[in-house]
Amino acid sequence: MILQLIAAMVGTIGFALLFGVPRKYYIVGGLIGAAGWGIYCSTVNTCGATIATLLATIVVMFLSRVASVCKKCPVTIFMISGIIPLVPGGGVYWTSYYLVMNQLSLAFETGYKAIKCAVAIVIGIVIVFELPQSLFFALTGNKSVKKKKISD
């Protein structure tokens, strides 16, 4: 499991590099991706791939929002790279493979699983984004951004 977490961290950092994330955020982003993968690995056998993906996405998104408040940067810096280990790329590959090989029942089965995991990622993102920003300011001890008064 340790090797998988390290691989998830390195993969997350690699995608952060590809997406042009500033260098100072690599380690935090990598740790967020590894945390998501750790949650996925520890829950997939008991909950199934879809629920494990949902739970891992919720953790990634929550940690991304906390990190964005702590580092005073946009949440997408951590979110997009952190989600990468959870994306069902293998499922999409095998669906395409089975379609080309004319094994339609296997293509449908793997495609359906991949779509369920992709939807779980979207639902996890929406759940955490519905939490108020003030919660993350309170959790990190940062004071909320002061509202500017409009002067005449």
Side-chain angles (χ1 to χ4, degrees), residues 1-96 109-152:
M1 175 103 165
I2 299 293
L3 287 177
Q4 287 188 22
L5 294 176
I6 292 169
M9 183 175 179
V10 169
T12 301
I13 292 171
F15 273 94
L17 180 76
L18 260 168
F19 294 143
V21 171
R23 185 177 294 227
K24 63 184 175 181
Y25 302 124
Y26 286 173
I27 299 299
V28 175
L31 290 172
I32 290 171
W37 186 250
I39 296 297
Y40 176 83
C41 287
S42 62
T43 58
V44 71
N45 290 332
T46 56
C47 301
T50 305
I51 300 299
T53 302
L54 175 67
L55 295 174
T57 301
I58 289 171
V59 168
V60 166
M61 291 307 303
F62 190 84
L63 293 175
S64 294
R65 288 197 65 191
V66 168
S68 75
V69 170
C70 289
K71 301 290 185 179
K72 297 179 182 168
C73 63
V75 69
T76 54
I77 286 177
F78 305 109
M79 174 185 84
I80 294 174
S81 307
I83 290 292
I84 291 297
L86 304 175
V87 172
V92 173
Y93 169 81
W94 285 109
T95 301
S96 301
E109 182 182 336
T110 55
Y112 185 64
K113 287 178 184 177
I115 289 171
K116 287 192 314 184
C117 288
V119 169
I121 290 171
V122 171
I123 291 171
I125 290 170
V126 169
I127 287 171
V128 177
F129 265 120
E130 287 299 315
L131 298 174
Q133 186 70 8
S134 58
L135 170 70
F136 296 96
F137 281 112
L139 285 174
T140 60
N142 285 345
K143 294 189 175 159
S144 169
V145 176
K146 295 180 183 178
K147 295 181 182 176
K148 296 181 180 179
K149 291 185 181 180
I150 299 175
S151 58
D152 295 309

Heavy-atom side-chain proximity of [X] to [Y] below 4.5 angstrom:
X	Y	answer
C73	Y25	yes
I2	I6	yes
V75	F129	yes

Output the distance between atom CD1 (I58) and atom CG (L63), rounded to the nearest 0.5 Å. 12.0 Å

How many angstroms lie between CG in L18 and CD1 in I13, if you round to the nearest 0.5 Å? 13.0 Å

Nearest heavy-atom neighbours spanning [X] and [Y]:
X	Y	value
C70	T140	SG-CG2, 3.4 Å
G36	L86	O-CD2, 4.0 Å
A67	I32	CB-CD1, 3.9 Å
V44	A49	CG2-CA, 3.8 Å
C47	A52	CB-N, 4.4 Å
T12	G33	OG1-CA, 3.5 Å

Only one of I123, I125, V119 forms a side-chain contact (heavy atoms from CB on, under 4.5 Å) with I121, so which one is it? I125

In this structure, are over 12 heavy atoms from other groups packed under 6.0 Å from F15 atom CZ? no

Is it the case that more than 12 heavy atoms not belonging to I27 sit under 6.0 Å from its CD1 atom? no

Would you please test L139 and F62 for side chain to side chain contact (heavy atoms under 4.5 Å, CB included) and show each step? CA-CA 11 Å; L139 285 174; F62 190 84; 3.4 Å; yes

Just to verify, what does [X] make a side chain to side chain contact (heavy atoms under 4.5 Å, CB included) with, not counting sequence neighbours?
X	result
S42	none
C41	M1, Q4, W37
Y112	K116
L17	Y26

For T110, give me all partners under side chain to side chain donor-acceptor pair (under 3.5 Å), at least two apart in sequence or on another chain. T95

With side chain to side chain donor-acceptor pair (under 3.5 Å) as the rule and sequence neighbours excluded, what pairs involving residues 43-68 come up? R65-Q133

Apply side chain to side chain contact (heavy atoms under 4.5 Å, CB included) to M9 and L31, showing your working. CA-CA 6 Å; M9 183 175 179; L31 290 172; 4.0 Å; yes

